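Working notes for the structure below.
These numbers were taken from a predicted model, which means no experiment stands behind them.
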Amino acid sequence: MRRAVGLVLLCSAALAPSTRVNAAEAPSFWDLKPAQLRLLVASSQVMVTRTTSGWDAYCRCPVVLKPHEIPEAMKKAIIAVEDRRYMDHGGVDLIALAAVFRGGLSRGGSTIPMQLLKNLVFHDLQGRDLLSKIERKGSEVWHAGTFDGAVGKQELLAAYLNQIEFGGREIVGLYRASRHYFRKEPKDLNLYEAALLAGMVQAPARFNPLKETTRERANERARIVLDLMVQQGCISKAERIRAEQIGIRPGLLPEFKIQAQPFTEWVVQTWAPRFVKEGETVRVFVTLEPRFQRLAEKHLTELLNEGAVPLAYEAGAVMMTGDGRVRAMIGGVDWSRRQFNAAVKTNVQPGSTAKLPLLVAACEAGRGPQSRVIDLPITASWPSNGHLGYKGETTLQEAFASSRNAAAVRLTQELGVKRVAEVSRRLGIEPGLDPDAGFVLGSFSTNVMSMTAAYASVANGGYRVAPTGVLAVVDGRGQVRASFLEPIKTRIIPQRCIEPTRQVLREVVRTGTGQHAALGRWASYGKTGTSTGYADAWFLGWSEGRVLGIWMGKRRDAEGGSLAGKGAPADYFRRVSISANAMMDYRAAQERNKGLSQPATAGVARSNRPKLGRGPERPSIHASLSRRTARRDVVHPDPHLPFLPMKGPGPWSSEEDGLYELW
């Protein structure tokens with residue numbers, strides 16, 4: 001009787017969405033546009049729980065792979081064991097669902113879209129009681145078709161493999177699992193290793209191949225997956241035998257790890273109080289890109305080990321795109337020793353990076369890069385140009401490139417302090433209530449996040465930048481508490497001033513104080529800054545759509561060492577940007593090559609496609625799954641591309657090249 005009642009309730013739930021939350025009160029996850037859904041399923045998340053005493057939060061930070069970056073063997077293995085009719089159903093497998101009606105909820109029946117919904121959206125419906133199971137299953141059935149159609153077969157399969165946990169919070173997604181268990185990248189997985197990982201999904205702890213107590217069980221499970229692949233015509237018997245003979249072949253890459261705590265803390269402290277109630281857990285889809293986070297950490301560690309950053313100095317850095325989405329964050333040189341987020345909490349003098357508003361104000365007043373300016377002191381020795389001395393008359397471009405303080409203060413006086421201060425505030429840099437002309441030398445206090453956003457406004461073509469780490473806040477029943485998926489574009493720099501401003505910032509890197517930030521074949525733009533007594537050293541700039549702000553400052557009362565913006569900060573920008581650009585180019589080239597190598601199957605009718613399990617017609621393990629989805633899928637633009645026009649391909653591409661690891 002209990003089973004019969006449960007199945008009746010399941011039918012009811014499958015025919016109507018959950019009604020515990022009034023849809024009119026908040027938009028649903030399913031109200032989002034298809035492109036927005038594709039973006040969210042390919043994003044990291046911060047899981048936030050609000051308790052009576054505070055917050056508990058952690059980052060689910062998968063290294064997201066695009067469909068063409070996932071081996072065909074892995075795709076076929078996971079389909080064989082988790083959802084054999086995945087390519088043929090529309091989100092709900094009616095045959096498997098019928099088995100639920102015959103055998104009860106314990107029979108499962110969940111398709112890959114339904115499982116992804118369970119793990120990525122419906123975390124409030126994880127109860128083991130009958131009603132919770134029925135409600136969750138009903139919600140999954142109701143929304144699976146929408147999910148499948150909006151995201152697309154290949155993208156959804158990739159999202160499933162990117163978001164599934166292979167053993168706790170730290171091993172989220174195929175990439176991190178491959179690095180953890182086999183010390184190699186997914187592209188280097190062999191068939192047996194793919195089968196072993198696919199078999200783990202059911203119960204990662206029970207089928208862990210690294211633990212002695214579960215190793216044999218894991219291998220037995222892998223053999224079951226291989227048998228299923230043979231039965232379903234995915235591989236031949238010979239391929240199955242060969243796979244078991246080869247077995248596991250570990251690589252030499254280290255485990256992939258990042259320090260996401262500074263970013264997580266920033267997200268929780270900035271957004272969680274507004275959207276998370278006491279006693280609940282909410283999923284915050286975030287902008288963090290683990291690839292770039294790893295790059296930022298790696299190159300800072302290199303500089304520290306080389307002694308390029310004195311021991312007395314702390315550091316903070318932010319990488320964002322032109323729309324203000326933060327992709328990486330460095331909170332300090334050693335977060336394990338000092339949990340203070342220098343990227344957002346440290347307020348220090350910005351040095352000559354504060355001259356950016358003056359450059360924009362000069363353009364608005366009709367001055368160009370070749371306009372003449374006077375580089376002479378106003379009093380006997382102020383403003384000082386240090387070792388540069390005074391040049392007298394020079395061009396505005398040369399004065400900025402060489403960081404001539406006297407010329408900057410004189411120009412501010414000519415234009416009017418209030419006018420320049422107004423531009424500064426427009427860019428998001430607060431110079432104080434009643435600044436004097438010296439504020440363009442960085443006499444006020446600010447932080448890395450604000451300064452990086454100001455330079456991003458020039459990089460993106462002149463639009464206001466409000467830094468964000470959040471894409472959307474979604475509760476455990478699929479209601480969207482907040483969405484930041486469609487930023488508002490507000491122009492704050494005249495279009496005519498964009499290229500002149502960029503020209504000067506380009507010259508800073510080409511011939512001026514920022515030469516250590518030059519990237520060779522990639523254009524870069526930026527400005528150095530150093531405060532009095534070398535207390536603070538800055539570089540702010542961008543290349544290929546990524547804006548990177550770096551601050552390195554001496555700890556209070558610390559002794560020893562001195563650092564200027566043209567030194568380690570500029571070098572850090574160079575290292576991170578070269579690695580990121582190289583990875584971007586490599587990954588884009590791989591995608592182009594994959595596209596060229598795909599068979600021309602568009603428009604092939606389902607009845608004419610090769611069917612599995614029919615001898616010679618059966619595709620081999622190397623055949624692309626794309627031929628099975630040519631009729632149903634369309635090519636979607638990369639949802640990660642910034643909403644503002646940027647030069648070059650998508651700025652979030654990256655790749656590790658086996659033993660020649662760029663990270």
Side-chain angles (χ1 to χ4, degrees), residues 308-310 313-318 330 342-343 346-361 383-388 397-409 411-412 420 423-424 427-432 435 437-459 501 504-509 511-518 524-542 547-554 561-574 576-577:
V309 181
Y313 279 72
E314 191 51 80
V318 171
I330 297 294
T346 298
N347 285 290
V348 295
Q349 293 185 350
S352 288
T353 61
K355 294 174 182 175
L356 178 65
L358 174 60
L359 187 56
V360 174
S384 172
N385 286 341
H387 69 279
L388 278 176
Q397 179 169 285
E398 191 279 332
F400 271 82
S402 300
S403 203
R404 296 185 177 277
N405 294 334
V409 173
L411 182 56
T412 302
V420 180
V423 174
S424 182
L427 293 175
I429 304 172
E430 177 52 59
F439 89 85
V440 296
L441 305 183
S443 57
F444 57 94
S445 294
T446 186
N447 59 54
V448 181
M449 185 70 75
S450 297
M451 293 302 297
T452 307
Y455 278 75
S457 293
V458 182
T501 303
V504 174
L505 295 176
R506 178 78 179 96
E507 193 67 17
V508 171
V509 175
T511 64
T513 58
Q515 292 182 55
H516 285 168
S524 58
Y525 310 78
K527 186 72 183 76
T528 60
T530 307
S531 66
T532 304
Y534 299 98
D536 307 287
W538 293 76
F539 187 86
L540 293 153
W542 73 89
V547 188
L548 184 59
I550 306 107
W551 164 81
M552 296 179 182
K554 189 175 292 187
S562 62
L563 198 58
K566 67 180 181 180
D571 190 23
Y572 179 75
F573 173 88
R574 179 185 64 82
V576 174
S577 297

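Distance alone, capped at 3.5 Å, places no donor-acceptor pair between the W538 side chain and the S352 backbone. No donor-acceptor distance shorter than 3.5 angstrom exists from the side chain of T353 to the backbone of K527, with no hydrogens or angles considered. The backbone N or O of S384 sits less than 3.5 Å from a side-chain atom of N405, completing a donor-acceptor pair. Side chain of Y455 to main chain of Y525: no donor-acceptor pair is present (N/O by atom type, distance under 3.5 Å, no hydrogens or angles). With hydrogens and angles disregarded, no donor-acceptor distance shorter than 3.5 Å links the side chain of H516 to the backbone of D571. Of the possible donor and acceptor atoms, one in the side chain of N385 sits under 3.5 Å from a partner among the backbone N and O of A406. Under the 3.5 Å distance criterion, the side-chain polar atoms of T501 are left unmatched by any main-chain donor or acceptor of V360. Panel note: side chain K554, backbone G561; a donor-acceptor pair is recorded below 3.5 Å. For the pair T412 (side chain) and A408 (backbone), a donor-acceptor distance under 3.5 Å is present.
For the residue pair Y313 and S562, the shortest heavy atom distance occurs at OH-CA, 3.4 Å. The shortest heavy-atom contact between A343 and V318 is CB-CG2, 3.7 Å. The two residues S457 and L427 come nearest to each other via the heavy atoms CB-CD2, 4.2 Å. A pairwise comparison of heavy atoms in A518 and S524 identifies CA-OG, 4.0 Å as the closest pair. Here the closest heavy-atom approach between residue Q349 and residue S443 is recorded as NE2-O, 3.5 Å. When all heavy atoms of I429 and P431 are compared, the pair lying nearest together is O-CD, 3.2 Å.
We find the CD-OG1 distance between E507 and T513 to be 11.0 Å, quoted to the nearest 0.5 Å. The structure places CH2 of W551 at 13.5 Å from OH of Y572, a figure rounded to the nearest 0.5 Å. Rounding to the nearest 0.5 Å gives a distance of 7.5 Å between CG of L358 and CZ of F439. Note that CD of Q397 is 9.5 Å distant from CG of L359, once rounded to the nearest 0.5 Å. Taking CE of M451 as the reference point, atom OG1 of T446 lies at 6.0 Å (rounded to 0.5 Å).
L356 is listed as a side-chain neighbour of L505, based on a closest heavy-atom distance under 4.5 Å. A 4.5 Å side-chain heavy-atom check between L441 and K355 finds at least one atom pair inside the cut-off. Inter-residue side-chain proximity for L540 and T452 is flagged as met; some heavy-atom pair is nearer than 4.5 Å.
Partners of A537 according to the side-chain contact (heavy atoms from CB on, under 4.5 Å) rule, which considers only residues two or more places apart in sequence or in another chain, are L563, P569. Every residue meeting the side-chain contact (heavy atoms from CB on, under 4.5 Å) condition with A354, not counting sequence neighbours, appears here in chain and number order: P350, F444. Partners of R404 under the salt bridge (Lys or Arg N to Asp or Glu O under 4.0 Å) rule, at least two apart in sequence or in another chain, are D375, E398.
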> Stepwise, does the side-chain contact (heavy atoms from CB on, under 4.5 Å) test hold for L388 with S402?
Replying inline: CA-CA 8 Å; L388 278 176; S402 300; 4.2 Å; yes
>> If you apply the rule side chain to side chain donor-acceptor pair (under 3.5 Å), what do you find for N347 with S445, and how did you get there?
In response: CA-CA 5 Å; N347 285 290; S445 294; over 6 Å; no
